[in-house]
Each structure stands twice: as structure tokens, then as C-alpha cells.
A.B. asks: 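My structure is below; once you've seen it, I'll send some questions.
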Amino acid sequence: QRWARILNIIFVISTSVALVGPAVLSSYFGISLHTVTTGSMRPAIKPGDLIVAKVISGSQIRPNDVVMLVNPENWSLQSHRVLSITPITNALSITTKGDANPVADQPVTIGLDSPVRKVSTTIPKFGYVVSALSTGKAKLIGLLLLIVVYILIVTNVLVKRRKDDKKKVMESLQPHYEAAEKSENA
């Protein structure tokens, strides 16, 4: 019975965190998780690493920060180090470069108050885990596991109720049995 309660609590908490956690992190705290797919930032950030990025305003960017900007050539999100920042009217021209790349990227112009993701933490190799769990098969297996755990919890609750109901019925009939025994003995 105790393990069922613990299992139920773990189920509710883990499901809530898995479903609501990423949205809360992103919406309320401006934190996002990204898997690195290229080696352009080696040796600091390697393919397969998970990077944690926090949203800041464009005016908070400093040289040597690693930021995530959209590559204007292919519209992909890239994480590169800031080489230089040039102020222009109500905006900034930011030049970045991947640590392993031989040349700098084309400058990107952003507004002073534009949101920019700044890489705050790198978790080595954890991006592989996140990528694996993001596949269709992994999501299906996760869903099936959640259903199985839910069925186990519901079954346990129903069985416990049945046992409790039988016990209550027996307890309610006990005075009648005792009265019947006394009348038979008298």
C-alpha cells in the first residue's frame, strides 16, 4: 500500500514536470534547452552537448558572450561567440564567430531591446539523451509507460477499496454475529 502511494506521487510529479516544466521554464524564466549539432564551437561546446540559454535584451550582450542568433544564410539557429558589437541607430550590429571556424559570421543587426538567447550553461553529451527522447518512438514508449503506470495505480486503488469495503461490511456485521452467538448460548 505504501509503495502504491509513493508510485502515485512519483507518477503525478514526473508527469507534471515533463508536461509543464519546459513551458514554465521558457515562458516565465526565459530559459530554453538546445542540442548542439555541429562542431563550430569546439572545444568549448561539442556536438551532442546540451546548452541552456537564457533570454536577455540585445543591450546586455557583451563581447565574448556565446549567443544564439539566426544565421541569415540558412535561417538556422546558431550558437557562436560575440567578437564585436557596433552600435547603430536604435540597434546593434553583432559579429559572431564559431571558435572552430576560420572566419567570422556576417554581422547581424538587432534592436537594443530585442530578445537574444545567451548560452549560460553547457551539459556535456546530454543533448544526445534529449534528442533520443524526442523521437517519435521514444514518445510512444513514454506514453505507453505512463498508461501502464496509470493502470497499475488505478487497479491498486480499486483493489484496496474492495478490501476496505469487505472489511467495513464484516465490521458492520460483527455486532449481529455476536448477538446471534449470545442468543444461541442462552
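Along the sequence shown, the residues carry numbers beginning at 1. Please read all numbers here as calculations on a predicted model, not as lab measurements.
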A.B. asks: Rounded to the nearest 0.5 Å, what separates atom OG1 in Thr122 from atom CD1 in Ile51?
C.D. replies: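 It is 6.5 Å, given to the nearest 0.5 Å.
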A.B. asks: Under 3.5 Å, side chain of Asn101 to main-chain N/O of Val103, donor-acceptor pair present?
C.D. replies: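 No.
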A.B. asks: Side chains of Arg117 and Lys54, heavy atoms from C-beta outward: is any pair under 4.5 Å?
C.D. replies: no
A.B. asks: Would you say Ile61 and Val67 make side-chain contact, with heavy atoms under 4.5 Å?
C.D. replies: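 Answer yes - side chains close enough.
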A.B. asks: Is a donor on one side and an acceptor on the other found under 3.5 Å between the side chain of Ser114 and the backbone of Ile110?
C.D. replies: no
A.B. asks: Is it the case that atom CG in Asn74 sees more than 12 heavy atoms from other parts of the structure closer than 6.0 Å?
C.D. replies: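 Atom CG in Asn74 is packed in, count exceeds 12.
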A.B. asks: Measuring from atom OG of Ser84 to atom NZ of Lys97, what distance do you get when rounded to the nearest 0.5 angstrom?
C.D. replies: 12.5 Å
A.B. asks: Is Leu92 linked to Leu83 within one hydrophobic cluster, defined over Ile, Leu, Val, Met, Phe, Trp and Tyr using a side-chain heavy-atom separation of less than 4.5 Å?
C.D. replies: no
A.B. asks: Do the side chain of Thr135 and the main chain of Ala132 share a donor and acceptor less than 3.5 angstrom apart?
C.D. replies: yes
A.B. asks: What's the spacing between Ser76 OG and Asn71 CG if we round to 0.5 Å?
C.D. replies: 4.5 Å
A.B. asks: Which atom names give the shortest non-hydrogen contact between Ala100 and Gly39, and what distance separates them?
C.D. replies: CB-O, 3.4 Å
A.B. asks: If hydrophobic clusters are built from ILVMFWY residues whose side chains come within less than 4.5 Å, do Met68 and Trp75 share one?
C.D. replies: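 Yes, one cluster joins them.
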A.B. asks: In terms of hydrophobic clusters joined by side-chain contacts under 4.5 Å, are Leu146 and Val12 together?
C.D. replies: yes
A.B. asks: Please say yes or no: joined through hydrophobic side-chain contacts below 4.5 Å, possibly via intermediate residues, are Leu145 and Ile147 part of one cluster?
C.D. replies: no
A.B. asks: Apply the test salt bridge (charged side-chain N to carboxylate O under 4.0 Å, His left out) to residues Arg81 and Asp99: give CA-CA distance (whole Å), side-chain angles for both, the deciding distance (0.1 Å), then the verdict.
C.D. replies: CA-CA 7 Å; Arg81 193 171 307 279; Asp99 291 353; 2.8 Å; yes
A.B. asks: Mind listing the closest non-hydrogen atom pair of Gly58 and Val116 along with its distance?
C.D. replies: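 Gly58 and Val116 have their closest heavy atoms at CA-CG2, 4.2 Å.
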A.B. asks: Report yes or no: do Gln78 and Asp105 form a side-chain donor-acceptor pair below 3.5 Å?
C.D. replies: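 Looking only at side-chain atoms, Asp105 and Gln78 do form a donor-acceptor pair, the distance falling under 3.5 Å.
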A.B. asks: Just wondering, do Val82 and Ile94 contact through their side chains at under 4.5 Å, heavy atoms?
C.D. replies: yes
A.B. asks: To the nearest 0.5 angstrom, please state how far the CG atom of Asp113 sits from the OG atom of Ser59.
C.D. replies: 6.0 Å
A.B. asks: With the side chain counted from C-beta on, respond yes when Val52 and Ile123 share a heavy-atom pair under 4.5 Å apart, and no when they do not.
C.D. replies: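 Touching, per the 4.5 Å side-chain cut-off.
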A.B. asks: Are Val24 and Phe29 packed together at the side-chain level, in the sense that at least one heavy-atom pair is separated by less than 4.5 angstrom?
C.D. replies: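 Val24 vs Phe29: side chains touch.
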A.B. asks: Atom OG1 in Thr37, atom CG in Asp49: separation rounded to 0.5 Å?
C.D. replies: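 Thr37 atom OG1 to Asp49 atom CG measures 11.5 Å (nearest 0.5 Å).
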A.B. asks: Check His80 against Ser40 and note the closest heavy-atom contact, atom names and distance.
C.D. replies: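 The pair with the smallest heavy-atom distance is NE2-OG, 3.0 Å.
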A.B. asks: Where the side chain of Ser131 meets the backbone of Tyr128, is there a donor-acceptor pair that is under 3.5 Å apart?
C.D. replies: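 Not at all, since once roles are kept as given, no pair shorter than 3.5 Å links the two residues.
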A.B. asks: Is there a path of hydrophobic side-chain contacts, each under 4.5 Å between heavy atoms of I/L/V/M/F/W/Y residues, joining Ile151 to Leu143?
C.D. replies: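 Result: yes, single cluster for both.
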A.B. asks: Please determine, by modelled atom types, if His34 and Ser79 share a side-chain donor-acceptor pair under 3.5 angstrom.
C.D. replies: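 Short answer, no.
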A.B. asks: Quick one, Val108 and Thr96 - any side-chain contact, counting heavy atoms below 4.5 Å?
C.D. replies: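 Heavy-atom side-chain distance check fails, nothing below 4.5 Å.
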A.B. asks: Side chains of Leu69 and Leu77: does their closest heavy-atom pair fall under 4.5 Å?
C.D. replies: no
A.B. asks: Could you grab the distance from atom CG of Asn90 to atom OG1 of Thr109, nearest 0.5 Å is fine?
C.D. replies: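 It is 12.5 Å, given to the nearest 0.5 Å.
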A.B. asks: Would you indicate whether the side-chain heavy atoms of Ile85 and Pro63 approach each other to under 4.5 Å?
C.D. replies: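 Yes; the side chains approach each other to less than 4.5 Å.
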